[in-house]
Amino acid sequence: MSSRCISPLPWPSRGVAAVLAFVVSCAGMWSSAVSAADLEIEFFHWGYDGRAVAPAFNPLTVVIHNPGNSDLSGELELRRLRSGYWPVGLPIRLPVFVSPGARRPVRFYPYVLGEYDNWRLDWIDSDGTRRELNTSSWTLRLGPPATVLLEEPDRLSSRGGRLRSLDESWFPAVSTATDGLAGVALDHVPRWEAVRRRAFLEWLARGGTLHLLEAPDGRGVVFGGDLKGLNGTNPVTRYGAGRVIRHGFGVEEIPDDFPQRAAPRAARDATESLAMYGFDPFGSIDDSALFSTLRSMTRPRRNWPLIYLACLVYMVVLFPGGFVFGQGERDYRVVLGLLGGTVVLFSGIFFMVGRRDDAAKLTIRTATVADHLADGDLEYQQWVEAAVTRGGNYRFTHSGRNRLYSTAQNLEKSSGLIEHGGDAALSIDVPPYSSSTFLVKGRLPGQSIELSVVDIQAIGGQLQALVLSTGEGFPSTIRQASVLVGGRFYWLVHRDGLLQLDQPAGTMSHPSYRGDGRLTQSFDPEFDRYREVDEAYEDLYEALVLRSLGFTDRVRAAHFRLPPGEIRVFVYAETPESLSVQIDESTDQIGFVLYSWNLQSASLP
């Protein structure tokens, strides 16, 4: 005997119950979908004081809120816009998880080009659904590097007065995004994890300023653990290239003129300028100019006069040649055959004359600025041009940590993705016979090369003698070397393991023009004309020196001088393996790096 379950409800009632169950389930799915789409942006914060520095990588902190009743799991995607609408460059995408009712900060590190940058933020659900978030209040403002007061995360109100406050938990975990930070004021010991403490010390050692204020109980701040090297009793203590300044007041007594800034030098005091010693005051040195020079080395050499001549002959043969030949009683099939043969013949001619004979599938040219830091690390910024003959998706990465990538342009949209974090990389889809440019900033731990002063002599502000000893890892062959003292450059030579002054009171000569023997740009339609590798990299030296000094245009560099007692050494050499672009493809890769050292000497005026 079989058994079955008999419903206590009559058939009509069971039908109504089924309909109600279906409606409830649909309502539940609808409500979950609504809650999953209710991600809110509560707050955003550019840089350290609400303003960004350009051109540089800046932290952008976005505080998001999940007001729904279910978990939110997906990705946030940040993308640059041109004219407030057109997406350009590559997006930065970060995975995000927010529990119901929770808030969390999400931190991006975009490369800001200027005040006209616009940005779009999209939420991408785990199922791939994309939704644009409201960023209408994201007005980007530019400013100088900021000095901020770090506050504890649970503090309800700001105490800094005229000094902007920053939640200490928002201090970036990567020191390569601290170009916009000039100084930090502290009256307590921050509660940071190890990676954030390391980033703070790296920022300080590369030239930051730490202002230590009295604690609320009137005592001085005493650090422990990784930060105990900041302790001391002197009013000013050096930490690498940075400073620790101890003040005799607390947060509530911060004066109106804090922090004190050096008065700008009067124009009449700027008796020497970089232009006097060999630097062209007009040429561009921004990112687009560096990319243009790199592109010129991967452009094919084409015989444009022959191409133009072939085009002219082709047009004449088709018309009026074809028209004249077809007159009279000739068979139309002969005329059409002649025209077809002409098309085939000239197609072959254009293919042979205009084709690109690249042996390598991927050609890479790089230019790098690398600063040797006092803590033993090497911080670098590299501009990359990658030209391909076969299209595809390419993933570029580098050695080191704290790597940040950007296409650094607002002209065209690219297909790909920028990844930040421990496995930072740039992935981009490059069409056949085209190229892509990008830049990267990173840090190589323990790769700094020691350079020390053996002898230095100066008379009347002029350098008379200089001998520098080089440490392990110094390039065996260098292309150029110079030293900046005050506002004057001097050539250096590398002999017997020493860098020495090439000639007493020698200065950098003005670079002479070297033509490439090609036609004028008005006749050559290529925007970035082909240049030989040696010529292009020789011209890049000057631009890289100015970029290493922190300039992005020559006008601001016109009257630059180093502080008294400080010298800057520059060495230009081939890029080592540790700074090469890493990719799982065979490449024709050439690059040069400008190393720089910031040294102190009491013998200088």
Side-chain angles (χ1 to χ4, degrees), residues 45 47-49 59 61 105 107 145-262 373-377 379 401-402 443 445-446 448 598 600:
H45 189 270
Y48 297 88
D49 63 346
T61 304
R107 192 160 294 107
T147 296
V148 296
L149 173 69
L150 291 188
E151 296 273 27
E152 296 174 321
D154 53 357
R155 182 168 292 279
L156 299 179
S157 61
S158 172
R159 304 172 298 148
R162 64 174 297 277
L163 195 64
R164 293 292 185 95
S165 297
L166 180 72
D167 188 325
E168 66 183 34
S169 65
W170 290 7
F171 192 89
V174 291
S175 60
T176 47
T178 56
D179 289 342
L181 184 61
V184 163
L186 272 176
D187 69 341
H188 65 283
V189 178
R191 292 175 291 178
W192 283 331
E193 64 274 27
V195 63
R196 216 170 295 275
R197 293 195 300 269
R198 182 178 65 189
F200 178 78
L201 293 177
E202 290 175 351
W203 161 78
L204 183 60
R206 67 192 287 265
T209 302
L210 172 61
H211 300 274
L212 290 180
L213 311 180
E214 291 182 349
D217 59 3
R219 299 180 181 179
V221 180
V222 179
F223 297 97
D226 300 343
L227 303 178
K228 64 181 179 182
L230 306 178
N231 294 327
T233 57
N234 294 330
V236 180
T237 304
R238 302 292 301 188
Y239 188 87
R243 298 180 301 163
V244 180
I245 304 177
R246 293 169 178 82
H247 301 275
F249 52 81
V251 173
E252 304 298 336
E253 295 83 31
I254 293 179
D256 292 337
D257 60 347
F258 181 87
Q260 293 184 351
R261 302 181 184 273
L373 306 178
D375 59 5
D377 288 358
E379 186 174 270
R401 52 182 171 80
N402 295 353
R443 196 176 181 102
S448 178
N598 191 28
Q600 306 289 327

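Considering only residues two or more places apart in sequence or on other chains, Thr178 meets the side chain to side chain donor-acceptor pair (under 3.5 Å) condition with Arg206. In terms of the salt bridge (charged side-chain N to carboxylate O under 4.0 Å, His left out) criterion, residue partners of Arg197 (sequence neighbours excluded) are, by chain and number, Asp226.
Counting heavy atoms from C-beta outward, Val244 and Leu204 have side chains that approach closer than 4.5 Å. Side chains of Leu210 and Tyr239 form no contact here, defined as non-hydrogen atoms less than 4.5 Å apart. For the pair Val221 and Leu230, the minimum side-chain heavy-atom distance is 4.5 Å or more. Using a 4.5 Å heavy-atom threshold, the side chains of Glu152 and Leu150 count as separate.
Looking at Asn231, its side chain does come within 3.5 Å of a backbone N or O of Phe223 through a donor-acceptor pair. When atom types are taken as modelled, the side chain of Trp170 and the backbone of Pro59 share no donor-acceptor pair closer than 3.5 angstrom.
To the nearest 0.5 Å, atom CG of residue Asp49 and atom CG of residue Leu181 are 9.0 Å apart. To the nearest 0.5 Å, atom CD of residue Glu253 and atom NE2 of residue His247 are 13.0 Å apart. Once rounded to the nearest 0.5 Å, the distance linking CD of Glu379 with CG of Leu373 reads 5.5 Å.
A salt bridge is absent between Arg198 and Asp375; no separation between the charged side-chain nitrogens and carboxylate oxygens falls under 4.0 Å.
In terms of heavy-atom proximity, Trp203 sits nearest to Thr209 at CH2-O, 3.4 Å. Across all their heavy atoms, Thr61 and Pro105 have their closest contact at CG2-CB, 3.9 Å. Closest approach of Pro153 and Arg191 over heavy atoms only: CD-NH2, 3.6 Å. Nearest heavy atoms, Ser175 versus Ala199: CB-O, 3.8 Å. Across all their heavy atoms, Ser448 and Asp377 have their closest contact at CB-O, 3.5 Å.
There is a side-chain donor-acceptor pair under 3.5 Å between Arg246 and Thr237.
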*Take Val251 and Leu149 through the test side-chain contact (heavy atoms from CB on, under 4.5 Å) and record every step on the way to the result.*
CA-CA 9 Å; Val251 173; Leu149 173 69; 3.7 Å; yes

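For Arg243, the CZ atom sits in a loose shell: 12 or fewer heavy atoms of surrounding residues, nucleotides or ligands are nearer than 6.0 Å.
In this structure, Phe171 and Trp192 have tilted ring planes: the angle between them lies in the 30° to 60° band.
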